[in-house]
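Notes follow once the structure below has been shown.
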Amino acid sequence: MNVPIPDSVEHILLDEAMIQQRVQQLADLISTDYAGLRNEEFLIVGVLKGAFMFMADLTRRLTVPHQVDFIALSSYADATEATGSVRMIMDTRINVAGRHVLIVEDILDTGYTLSYLLRTFAARNPASLRTAVLLSKPERCKVKVTIDYLGFEIPDVWVVGYGLDFADRFRTLPYIGALKPSTYQG
Ligand code: 5GP
Ligand code: MG
């Protein structure tokens, strides 16, 4: 597939082939680690909207039975404090208690979002709780969060595509590109 590169994208950081190869590796690891569970024991929770493409590709490659569900988050306008920067605006429909839960997120930046999610889901008594995250920006990390399955570490640039957006644009590009700083600075 040859999708034209928008003017706002400075360069491609991760092309389709690199992403798909890594997603397959993560799916293989997860399939090994969660082998032997029944369908209703393994729940994969995707964080909308950013993780939708990663979630779809990852779950399609799993060889173990699993259920899927989604949550949606919203950042508070005043997103400065570590604890209250995010809130859930859509919760799972499946009850997580007693299930092995894997949270699938697009990107770890400061870490506030994922640490909020881990606290929230841990309080619901899952059988186990792990995270699969496609991208991480280690330079931006403010709170330490354990990622069990990480796709790629990337530099401190704003990335779009493969689910990730800038002002709800560029989300469905099949690759991950770095946005031109002029796009978000002016
Ligand atoms: P954190 O709470 O770790 O600072 O932020 C995580 C969230 O910030 C991600 O779920 C994502 O929505 C957003 N985010 C952080 N960096 C980027 C980026 O480079 N591109 C996009 N599209 N979203 C980002
Ligand atoms: Mg997000």
Side-chain angles (χ1 to χ4, degrees), residues 3 5-16 18-19 22-23 26 44-59 68-92 101-123 129-186:
V3 178
I5 299 174
D7 285 342
S8 314
V9 173
E10 193 161 68
H11 62 276
I12 294 177
L13 216 64
L14 301 164
D15 66 24
E16 260 189 282
M18 293 167 76
I19 296 169
R22 187 67 186 134
V23 171
L26 296 180
I44 308 188
V45 178
V47 183
L48 296 175
K49 301 178 200 173
F52 87 101
M53 235 180 246
F54 177 40
M55 176 81 171
D57 284 344
L58 185 71
T59 51
V68 298
D69 208 337
F70 294 91
I71 57 169
L73 302 176
S74 169
S75 303
Y76 285 113
D78 171 27
T80 46
E81 53 177 297
T83 47
S85 55
V86 282
R87 78 196 151 98
M88 211 179 292
I89 55 173
M90 188 190 89
D91 208 336
T92 59
V101 175
L102 178 65
I103 296 175
V104 176
E105 171 65 312
D106 53 1
I107 183 166
L108 186 78
D109 189 43
T110 61
Y112 293 151
T113 304
L114 207 57
S115 73
Y116 161 83
L117 285 177
L118 285 172
R119 259 183 288 121
T120 303
F121 278 85
L129 181 59
R130 287 186 183 172
T131 56
V133 181
L134 183 65
L135 307 170
S136 171
K137 296 179 188 174
E139 292 166 54
R140 299 257 314 157
C141 176
K142 293 272 192 336
V143 286
K144 188 150 170 39
V145 188
T146 306
I147 303 176
D148 299 284
Y149 308 96
L150 173 65
F152 305 90
E153 289 194 344
I154 60 166
D156 180 13
V157 291
W158 192 265
V159 288
V160 295
Y162 198 67
L164 292 134
D165 73 312
F166 172 68
D168 259 306
R169 293 164 67 201
F170 314 120
R171 222 186 262 287
T172 58
L173 295 172
Y175 51 81
I176 290 169
L179 206 62
K180 277 185 186 154
S182 57
T183 310
Y184 52 91
Q185 280 164 359

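If you read the sequence from its start, that first residue is 1, and numbering goes on from there. Indexing begins at 1, ligand by ligand and atom by atom, following the structure's order.
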Applying a strict 4.0 Å limit to heavy atoms, is Gly50 in contact with ligand 1? no
Which ligand 1 atoms, with their elements, are less than 4.0 angstrom from a heavy-atom of Thr110? 1 (P), 2 (O), 3 (O), 4 (O)
Do any nitrogen or oxygen atoms of Val160 come within less than 3.5 Å of a nitrogen or oxygen of ligand 1? no
Are Phe152 and Ile176 packed together at the side-chain level, in the sense that at least one heavy-atom pair is separated by less than 4.5 angstrom? no
If we only count heavy atoms from C-beta on, is the Ser8 to Val160 side-chain gap below 4.5 Å? no
Just which atoms of ligand 1 are under 4.0 Å from any heavy atom in Glu105? 10 (O)
For residues Val159 and Leu135, determine if any side-chain heavy atom of one lies less than 4.5 Å from a side-chain heavy atom of the other. yes
Counting from 1, what ligand 1 atoms have a heavy atom of Thr113 closer than 4.0 Å? 1 (P), 2 (O), 5 (O), 6 (C)
The criterion is side chain to side chain contact (heavy atoms under 4.5 Å, CB included); which residues satisfy it with Asp69, sequence neighbours excluded? Leu43, Thr92, Arg93, Ile94
Close-contact set for ligand 1 against Tyr112 heavy atoms, below 4.0 Å: 2 (O), 3 (O)
Looking at Asp165, which atoms of ligand 1 are within less than 4.0 Å of one of its heavy atoms? 21 (C), 22 (N)
For Lys137, state whether at least one heavy atom is located under 4.0 Å from any atom of ligand 1. yes
Determine, using heavy atoms of Val157 and all atoms of ligand 1, whether some pair is separated by less than 4.0 Å. yes
Does any N/O atom on Leu164 come nearer than 3.5 Å to any N/O atom on ligand 1? no
Supply the atom-to-atom distance Met53 CE to Ile19 CD1, rounded to the nearest 0.5 angstrom. 9.5 Å
Is there a donor-acceptor contact under 3.5 Å from the side chain of Asp148 to the main chain of Thr131? yes
Candidates Trp158, Phe166, Phe170; heavy atom nearest atom 23 (N) of ligand 1 found on Trp158
Which side chain to side chain donor-acceptor pair (under 3.5 Å) pairs, counting each pair once, include a residue from residues 154-169, with sequence neighbours left out? Lys49-Asp168, Asp57-Tyr162, Asp165-Arg171, Asp168-Arg171
For atom 20 (N) of ligand 1, which of the options Val159, Asp106, Asp109, Val145 provides the nearest non-hydrogen atom? Val159
For ligand 1, which atoms sit closer than 4.0 Å to a heavy atom of Gly111? 1 (P), 3 (O), 4 (O)
Below 4.0 Å from ligand 1: does a non-hydrogen atom of Ile107 turn up there or not? yes
I'd like to know if the side chain of Arg140 reaches the main chain of Leu108, judged simply by a donor and an acceptor atom lying under 3.5 Å from each other, with no hydrogens or angles considered. no
Check whether any side-chain heavy atom of Val104 lies under 4.5 Å from a side-chain heavy atom of Phe54, and answer yes or no. yes
